[in-house]
**Q** 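Let me give you the structure first, and then I'll get to my questions.
As the structure is a computational prediction, the values presented were derived from the model and not from experiment.
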Amino acid sequence: QWQNALMLLYGFGILLSLILFVKQISQLTNTVRKNKITPRKDYWLVYTQGKLPTSSCFGYLFWDNTQALTRQEAAQIIAHEEAHIRQKHSYDVFYMAVLKILFWFHPLVYLYERALTDVHEFAADASALRQQNPKSYAQLLTRHLFDGLQLSLVNHFYKSQTLKRIKMMQVINQKTPKYKMLLAIPLLLALFFTFSCQPDEEEMEKQAIAATYEDVQAQMKEVGVQHNALILKYFETQPKFYKSLNQEAKKSDSNSLSEDELSLIVFKEVASSSDYNKFAELVEQKNALQEKLMSLPDADNIFMVVEDQPEPEGGIKEFYSYIAQNMKYPVQARQKGIEGKVFLQFVVNEYGELTEFKSLKGIGAGCDAEAIRVLESAPAWNPGTTDGKPVKVRMVMPITFKLDKGDDNVVEKKASEELGMLEHDHNKQKEITLIAYIN
């Protein structure tokens, strides 16, 4: 079939191109192996004995030592080839060689290779002319025409079109007339308005929330640095900024405003519109990152938020009763009149066991240890699940130790009210507050 015939032809072309490629590499390798090599500062000088034209490939400068050249001419040619090595043109040449193997049938590959070769030669000429006389350099080009072996994998002195190179030498130092530069202004304006009306893909990609816990943490750190930099730009220190937040909170006389909302109000009063917009974007991005971070497992494969959060077997009411029956107010804390809130962190593993207890913020006097003791002996929970699979979930539970010398009935009534609130607030299970009372 014709499809098979085309595939066979394509494969034959690749095979033939690959053979030619390997043959040229083999010829370069044999030249290096069989001829004298002299180390130079940035490359190896290989004397070819006329078997290879003066050329360069990666860190090798192949020198045809059979040429009849003056010392000045030799210096000009070497400067040209050194520029090829220094500017790493061989990487482009080998990249084009691979493209020619894969797309041997496409004429654009050969046109692109020709244009790239010209650019390489122009760049090398420009570098060489910084130390050479342009007139004698051009004369050297016109006197020598390359008639040796063609190797497409090397950059050789006479490879490009001689007339083109001489013409480029004449325009290297010419300045563009000012009236021609003015013609570019309408084009630049058009480009400006075109791209200003479209979202910056790089910025969008940068602001996109990453997929891993570590990457999200890195993004949060970067956002935090920018956020703090804007604050310090207008408030000099962080305490001054938070002092302004407290003043705004008192002035608004409202407990419904979050810290982010207060910070936006305060920042808007002192910042420029552009900085305020940037600050608002950072606040929004920070919240999005925090939300994303909560739903991702950390390095220990522990989640903060899952589809189905862990919950005590038998319900929150039974667990609350267990805590109330087993929690003992430490004698030391009672004697010293210490009360407050202990923030206890623990992990509910995939089997429902409570593990890895840690006091994030405590009040001491035995209260932290007592909270951990009670939770360590607590019954197992129903594990949290995501995608239908049980996973480890990290939770934080505030436990409030409160000394109350009031009437027992009042204490019992208050505990019942809080218990009722907990039973109906399923979304706040990880924020359960347990209160221990004494008379």
Side-chain angles (χ1 to χ4, degrees), residues 213 216-217 220-221 223-224 227-228 231 237-239 241-243 245-246 249 255 257-263 286-287 289-300 302-306 309-312 316 319-320 322-324 326-349 353-378 381 384 392-404 414-415 418-419 421-422 425 427-438:
Y213 189 89
V216 173
Q217 279 189 318
M220 287 185 66
K221 184 177 180 181
V223 169
H227 181 270
N228 293 336
I231 290 176
T237 62
Q238 292 282 355
F241 174 70
Y242 288 106
K243 183 179 180 181
L245 289 187
N246 293 333
N255 296 324
L257 294 178
S258 66
E259 182 177 320
D260 287 341
E261 291 172 329
L262 288 172
S263 65
K286 180 188 67 174
N287 293 333
L289 287 168
Q290 287 176 340
E291 184 177 348
K292 180 68 174 181
L293 191 68
M294 296 286 285
S295 65
L296 291 173
D298 61 16
D300 298 323
I302 301 175
F303 290 80
M304 287 292 290
V305 177
V306 290
Q309 288 290 99
E311 59 181 17
I316 191 65
F319 181 76
Y320 188 87
Y322 165 82
I323 296 295
N326 290 273
M327 180 78 70
K328 295 180 180 179
Y329 211 108
V331 176
Q332 181 183 3
R334 189 186 308 125
Q335 291 174 345
K336 294 182 177 181
I338 294 176
E339 56 184 357
K341 189 173 292 186
V342 175
F343 290 87
L344 198 63
Q345 175 182 283
F346 59 94
V347 173
V348 181
N349 65 18
E353 301 168 341
L354 275 60
T355 61
E356 302 183 29
F357 296 93
K358 179 181 179 182
S359 176
L360 296 180
K361 183 181 179 182
I363 57 177
C367 295
D368 304 3
E370 175 65 12
I372 292 177
R373 181 193 70 80
V374 174
L375 287 183
E376 279 181 334
S377 58
W381 288 29
K392 296 179 180 179
V393 182
R394 181 175 283 108
M395 307 188 73
V396 176
M397 178 179 291
I399 301 179
T400 300
F401 286 82
K402 182 178 181 181
L403 296 171
D404 194 329
K414 187 182 295 183
E418 293 184 3
L419 180 60
M421 291 171 62
L422 289 169
D425 194 354
N427 294 328
K428 292 294 180 83
Q429 288 185 9
K430 69 183 182 66
E431 298 178 3
I432 296 174
T433 301
L434 303 174
I435 307 176
Y437 297 95
I438 65 167

**Q** What heavy-atom pair brings Pro330 and Ala365 nearest, and what distance separates the two atoms?
**A**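 Pro330 and Ala365 have their closest heavy atoms at CB-O, 3.4 Å.
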
**Q** Is any NZ, NE, NH1 or NH2 atom of the basic residue among Arg373 and Glu376 found under 4.0 Å from an Asp or Glu carboxylate oxygen of the other?
**A**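 Salt bridge: no.
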
**Q** Calculate, to the nearest 0.5 Å, the distance between atoms CG and CG belonging to Leu344 and Asp368 respectively.
**A**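 Leu344 atom CG to Asp368 atom CG measures 8.0 Å (nearest 0.5 Å).
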
**Q** Nearest 0.5 Å, what's the NZ-CD distance between Lys392 and Glu353?
**A**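 Reported value, rounded in 0.5 Å steps: 10.5 Å.
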
**Q** Would you give the length of the straight line joining atom CD of Glu311 to atom CH2 of Trp381, rounded to the nearest 0.5 angstrom?
**A**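 Those atoms lie 9.0 Å apart.
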
**Q** How many angstroms lie between atom NZ of Lys328 and atom CD of Glu370, to the nearest 0.5 angstrom?
**A**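 One gets 7.5 Å once the value is rounded to the nearest 0.5 Å.
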
**Q** What's the separation between atom CZ in Arg394 and atom CG in Asn349, rounded to the nearest 0.5 Å?
**A**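 So the gap between those two atoms works out to 12.5 Å.
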
**Q** Grab the two heavy atoms, one from Val374 and one from Tyr322, that are nearest each other, plus how far apart they are.
**A**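 That would be O-OH, 3.2 Å.
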
**Q** Quick check: closest heavy atoms across Val393 and Gly384, and the distance to 0.1 Å?
**A**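 Minimum heavy-atom separation between Val393 and Gly384: CG2-CA, 4.2 Å.
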
**Q** What's the separation between atom CD1 in Ile302 and atom CE in Met395, rounded to the nearest 0.5 Å?
**A**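 So the CD1 of Ile302 and the CE of Met395 are separated by 13.0 Å.
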
**Q** How far apart are the C-alpha atoms of Phe319 and Leu375, what are their side-chain angles, what is the distance that settles it, and do they pass the side-chain contact (heavy atoms from CB on, under 4.5 Å) test?
**A** CA-CA 10 Å; Phe319 181 76; Leu375 287 183; 3.6 Å; yes

